[in-house]
Amino acid sequence: MNERDLNCLKDLKKKLLGSNYIDEENGSIKNILMAKEKQYYQDIKGVGISSDYCRGDRGHVENYRVVDEVFKHLTDNKPIEHTDVLHSFWHTYKTIMQLERPDLFRPLGSLKKEDEIPLEKLDKKNLPKIGKGFPPYDTDKYLVIHEKYIEYYQHYFPEYLPNEVPKKYTWIDFLLYNNDKFIEVYNKYPELLEFARLTHSVGNIIVVPKGFNRGRGANDYGDFALKSLKIFLESFNAWEGYITKFRLKPFLEKYSPISLWTGHLDGKKGSLPEENIEIEKFLKSVTSSIKKREEILLEIVRDNLLEIEE
């Protein structure tokens with residue numbers, strides 16, 4: 001591992017995006033959006049010594065070999081089999097966009113084929129509830145923008161679309177195209193830009209048991225993930241050892257996961273924040289804890305590199 005690798009560990013999108021990476025604070029949202037589109041990737045695909053990956057699908061930076069090298073310092077060089085990103089960026093970002101720009105992302109109407117009525121501008125006095133059923137989307141099934149949304153934007157917000165809309169215009173395309181128009185939204189949440197970087201910091205990547213990633217499903221909030229791990233690992237007295245070995249104390253209080261906003265851990269899995277105060281509390285909590293763990297892990301790597309040089 002060299003200094004360049006160490007720098008990438010602070011944001012693995014640097015390795016993923018290569019020269020497409022925007023190395024400035026205001027570019028962090030664009031970077032994380034580009035990280036969802038393979039057309040922007042410049043890393044070495046495949047699996048093995050000649051690639052950047054040791055397992056998994058391209059774009060899943062938690063599976064980089066350089067990440068495994070960090071965790072091997074914590075396991076006496078034993079191989080790492082499964083890793084995961086603890087705190088997801090997307091669900092909170094999606095919520096922010098729906099909350100701050102309901103006119104764009106929470107219109108009235110239905111996308112059902114049998115419903116021929118076009119989408120309409122909402123009544124701000126009677127807003128529909130924030131939810132996963134509204135865009136923007138990042139999953140393959142809904143990534144391409146539905147024609148009803150295209151027609152809606154053409155009618156009410158033509159400045160948000162290019163003159164010629166591509167046949168398969170995605171939500172990521174839309175968000176990247178209008179990134180500058182959303183700066184005012186991003187500025188309302190000071191920690192959001194930093195969280196976009198930290199999402200793919202080594203400080204936000206955890207070693208997990210086999211099957212954990214799939215079992216986690218759509219629940220991308222880290223407090224629930226840690227709660228599930230705690231229940232599983234405590235069943236054979238391995239929880240405290242796991243926390244100590246992988247330096248996860250910044251995410252805990254007395255070995256218990258910290259709720260990302262008041263009442264979140266007591267609520268329903270997969271639930272989204274609904275108010276500014278919940279989003280702000282979440283962002284403040286995760287950026288602080290990820291940075292603390294990032295510093296701990298990078299210090300361990302630096303110390304090991306110095307020992308090798310001596």
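None of the values given here were measured: they were computed from a predicted structure. Note that the numbering runs from 1 along the sequence shown for the chain. The basis for the numbers below is simple: all heavy atoms, side chains too, and nothing from hydrogens, waters or symmetry mates.
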Could you walk me through whether Tyr21 and Asp11 pass the side chain to side chain contact (heavy atoms under 4.5 Å, CB included) test, one step at a time?
-> CA-CA 10 Å; Tyr21 184 87; Asp11 188 356; 2.8 Å; yes
Please step through side chain to side chain contact (heavy atoms under 4.5 Å, CB included) for the pair Leu16 and His200, ending with a clear verdict.
-> CA-CA 10 Å; Leu16 180 69; His200 295 117; over 6 Å; no
Apply side chain to side chain contact (heavy atoms under 4.5 Å, CB included) to the pair Phe246 and Val208, showing each step before the final yes or no.
-> CA-CA 10 Å; Phe246 293 111; Val208 295; over 6 Å; no
Worked check of side chain to side chain contact (heavy atoms under 4.5 Å, CB included) between Lys13 and Ile32 | CA-CA 7 Å; Lys13 292 186 289 295; Ile32 203 163; 4.1 Å; yes
Derivation of the ring pair (Phe, Tyr, Trp, His ring centres under 6.0 Å) call for Phe174 and Tyr149 = CA-CA 11 Å; Phe174 179 84; Tyr149 272 100; 9.0 Å; no
Please assess Tyr221 against His264 for the test ring pair (Phe, Tyr, Trp, His ring centres under 6.0 Å), listing each intermediate value before the final yes or no.
-> CA-CA 10 Å; Tyr221 282 104; His264 183 240; 5.2 Å; yes
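At a threshold of 4.5 Å between non-hydrogen side-chain atoms, the residues Lys230 and Pro257 count as touching. Side-chain contact between Phe282 and Pro273 is absent, with no heavy atoms from C-beta onward closer than 4.5 Å. Contact annotation: the side chain of Val286 never approaches that of Leu86 to less than 4.5 Å [non-hydrogen atoms, C-beta and beyond]. Looking at Asp173 and Ile145, their side chains never come closer than 4.5 Å, going by heavy atoms from C-beta outward.
Residue Lys284 qualifies as open at atom NZ: its count of foreign heavy atoms under 6.0 Å is 12 or below. By the neighbour-count criterion of 12 heavy atoms within 6.0 Å, atom CD of Gln39 is densely surrounded, having more than that number from other residues, nucleotides or ligands. Residue Glu159 places its CD atom among more than 12 non-hydrogen atoms of other residues, nucleotides or ligands, all under 6.0 Å distant. No more than 12 heavy-atom neighbours from other residues, nucleotides or ligands sit within 6.0 angstrom of NZ on Lys10. Residue Ile277 places its CD1 atom among 12 or fewer non-hydrogen atoms of other residues, nucleotides or ligands, all under 6.0 Å distant. Counting non-hydrogen atoms of other residues, nucleotides and ligands closer than 6.0 Å to CD1 of Ile183 gives a total above 12.
At distances below 3.5 Å, not a single donor-acceptor pair connects side-chain atoms of Glu81 with backbone N or O atoms of Lys210. Side-chain atoms of Ser51 come within 3.5 Å of backbone N or O of Gly48 as a donor-acceptor pair. Between the side chain of Glu37 and the backbone N or O of Ile172, no donor-acceptor pair lies under 3.5 Å. Not one N or O on the side chain of Arg58 forms a donor-acceptor pair closer than 3.5 Å with the backbone of Gly46. The closest donor-acceptor contact from the side chain of Lys94 to the backbone of Pro136 lies under 3.5 Å. Checking side-chain atoms of Lys15 against main-chain N and O of Asp5 turns up no donor-acceptor pair under 3.5 Å. Checking side-chain atoms of Glu62 against main-chain N and O of Ile206 turns up no donor-acceptor pair under 3.5 Å. Panel note: side chain Ser285, backbone Lys281; no donor-acceptor pair is recorded below 3.5 Å. Without hydrogens or angle criteria, Arg293 side chain to Ile205 main chain gives a donor-acceptor distance under 3.5 Å. A donor-acceptor distance shorter than 3.5 angstrom exists from the side chain of Asn204 to the backbone of Thr199, with no hydrogens or angles considered.
Nearest heavy atoms, Pro250 versus Ile296: CG-CD1, 4.1 Å. Contact between Tyr156 and Lys121 at its shortest, heavy atoms only, is CD2-CD, 3.1 Å. For the pair Tyr160 and Asn178, the tightest heavy-atom approach, listed with the atom from each and the gap, is O-ND2, 3.0 Å. The heavy-atom pair separating Tyr53 from Ile44 by the smallest distance is CD1-O, 3.5 Å. Closest approach of Pro107 and Leu104 over heavy atoms only: CD-O, 4.2 Å. In terms of heavy atoms, Asp223 sits closest to Leu260 at OD2-N, 3.1 Å.
There is a path of hydrophobic side-chain contacts, each under 4.5 Å, that joins Leu119 to Val165. Phe134 and Leu108 are not part of a single hydrophobic cluster, where members link through side-chain heavy atoms under 4.5 Å apart. Linking ILVMFWY residues whenever their side-chain heavy atoms come closer than 4.5 Å, directly or via other members, leaves Ile258 and Leu226 in distinct clusters. Val144 and Met97 fall into different hydrophobic clusters, defined by Ile, Leu, Val, Met, Phe, Trp and Tyr side-chain heavy atoms under 4.5 Å apart, directly or through other members.
Ring orientation note: the planes of Tyr137 and Tyr142 are tilted relative to one another, at an angle of 30° to 60°.
A salt bridge links Arg101 with Asp103: the distance from a Lys NZ or Arg NE/NH1/NH2 to an Asp or Glu carboxylate oxygen falls below 4.0 Å. Arg197 has a carboxylate O that lies under 4.0 Å from a charged side-chain N of Glu294, or vice versa, which qualifies the two as a salt bridge.
In this structure, the side chain to side chain donor-acceptor pair (under 3.5 Å) partners of Asn7, at least two apart in sequence or on a different chain, are Lys14. The ring pair (Phe, Tyr, Trp, His ring centres under 6.0 Å) check on Phe182 picks up nothing, with sequence neighbours excluded. Take Asn63 and apply the side chain to side chain donor-acceptor pair (under 3.5 Å) test, not counting sequence neighbours, and it matches Arg55, Thr83. Partners of Ser110 by side-chain contact (heavy atoms from CB on, under 4.5 Å), not counting sequence neighbours, listed by chain and number: Lys112, Asp115.
Residue pairs meeting the ring pair (Phe, Tyr, Trp, His ring centres under 6.0 Å) criterion with at least one partner in residues 24-46, sequence neighbours excluded, are absent. Pairs of residues two or more places apart, or lying in two chains, that qualify as ring pair (Phe, Tyr, Trp, His ring centres under 6.0 Å) and include a residue from residues 92-121 are Phe89-Tyr93, Trp90-Tyr93.
Atom CG of Leu111 is separated from atom NE2 of His146 by 5.0 Å, given to the nearest 0.5 angstrom.
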